[in-house]
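Since the model is a prediction, treat every value here as computed from it, not as a measurement.
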Amino acid sequence: QVQLVESGGGLVQAGASLGLSCAASGRTFVSYAMAWFRQAPGKEREFVAAISWTGGDTLYADSVKGRFTISRDHVKNTADLQMNSLEPEDTAVYYCAATRGDFGTRDRADYDYWGQGTQVTVSS
């Protein structure tokens, strides 16, 4: 069993940076691939970024590539998302997710555990 808790959301202006953190509990966290998704009002939850269990492989949605960076720390049991050059279109609730399956899936149905989400609001 893995429990995920996100933190770090908030209200920022366009162009600013914000860091999100996902704290995981559970002995087997190290073997899970991790990802971040987001859901804007009235829209479906969409893939943002993923990282392999080793941390050596990452994957990004085209909309955030070059602006967002996903990382993980096996000592702290965290998976973080650094967001730079934020745009109003990045406004959403951001969710951390973990999968026992293969790294790189963008399908939310493939993820086994989810956090409760953290709100990110970017003003223009």
Let me confirm one number: the [atom1]-[atom2] distance from [X] to [Y], rounded to the nearest 0.5 Å.
{"X": "Thr118", "Y": "Leu81", "atom1": "OG1", "atom2": "CG", "result": "11.0 Å"}
{"X": "Thr58", "Y": "Ile51", "atom1": "OG1", "atom2": "CD1", "result": "6.5 Å"}
{"X": "Arg38", "Y": "Lys43", "atom1": "CZ", "atom2": "NZ", "result": "8.5 Å"}
{"X": "Lys65", "Y": "Ser63", "atom1": "NZ", "atom2": "OG", "result": "9.5 Å"}
{"X": "Ser25", "Y": "Gln3", "atom1": "OG", "atom2": "CD", "result": "4.5 Å"}

Given side chains that start at C-beta, do those of [X] and [Y] come closer than 4.5 Å, heavy atoms only?
{"X": "Trp36", "Y": "Cys22", "value": "yes"}
{"X": "Glu46", "Y": "Gln39", "value": "no"}
{"X": "Tyr60", "Y": "Ile70", "value": "yes"}
{"X": "Pro88", "Y": "Gln13", "value": "no"}

Report the residue from Leu20, Val12, Val48, Val64 that forms a side-chain contact (heavy atoms from CB on, under 4.5 Å) with Met83.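 Single pass found, and it is Leu20.
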Keeping [X] on the side-chain end and [Y] on the backbone end, is there a donor-acceptor pair under 3.5 Å?
{"X": "Glu6", "Y": "Gln116", "result": "yes"}
{"X": "Thr99", "Y": "Asp110", "result": "yes"}
{"X": "Arg72", "Y": "Ser52", "result": "yes"}
{"X": "His74", "Y": "Gly55", "result": "no"}

Compare every heavy atom of [Y] with every heavy atom of [X], then report the nearest pair and how far apart it is.
{"X": "Asp90", "Y": "Val122", "result": "CB-CG2, 4.3 Å"}
{"X": "Leu59", "Y": "Phe47", "result": "O-CZ, 3.8 Å"}
{"X": "Ala24", "Y": "Leu4", "result": "CB-CD2, 3.7 Å"}
{"X": "Arg45", "Y": "Tyr95", "result": "NH2-CZ, 3.4 Å"}
{"X": "Gln82", "Y": "Gly19", "result": "OE1-CA, 3.9 Å"}
{"X": "Ala98", "Y": "Met34", "result": "CB-SD, 3.5 Å"}

Using a distance-only test with no angle check, is there a side-chain donor-acceptor pair under 3.5 angstrom linking [X] and [Y]?
{"X": "Ser21", "Y": "Asp80", "result": "yes"}
{"X": "Gln119", "Y": "Thr121", "result": "yes"}
{"X": "Asn84", "Y": "Ser17", "result": "yes"}

What do you reckon, are the aromatic ring centroids of Tyr111 and Phe37 less than 6.0 Å apart?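 Yes, close enough.
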Would one find more than 12 heavy atoms of other residues, nucleotides or ligands at under 6.0 Å from atom CG of Asp107? yes
Centre of Trp114's six-membered ring, under 6.0 Å away, within 45 degrees of the axis: is that where NZ or CZ of Arg108 sits?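 No, Arg108 and Trp114 do not form such a contact.
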Evaluation steps, side chain to side chain contact (heavy atoms under 4.5 Å, CB included), between Val120 and Thr91: CA-CA 5 Å; Val120 172; Thr91 295; 6.0 Å; no
Residue pair Arg100, Tyr32: steps toward the side chain to side chain contact (heavy atoms under 4.5 Å, CB included) verdict: CA-CA 5 Å; Arg100 292 168 290 188; Tyr32 286 72; 3.0 Å; yes
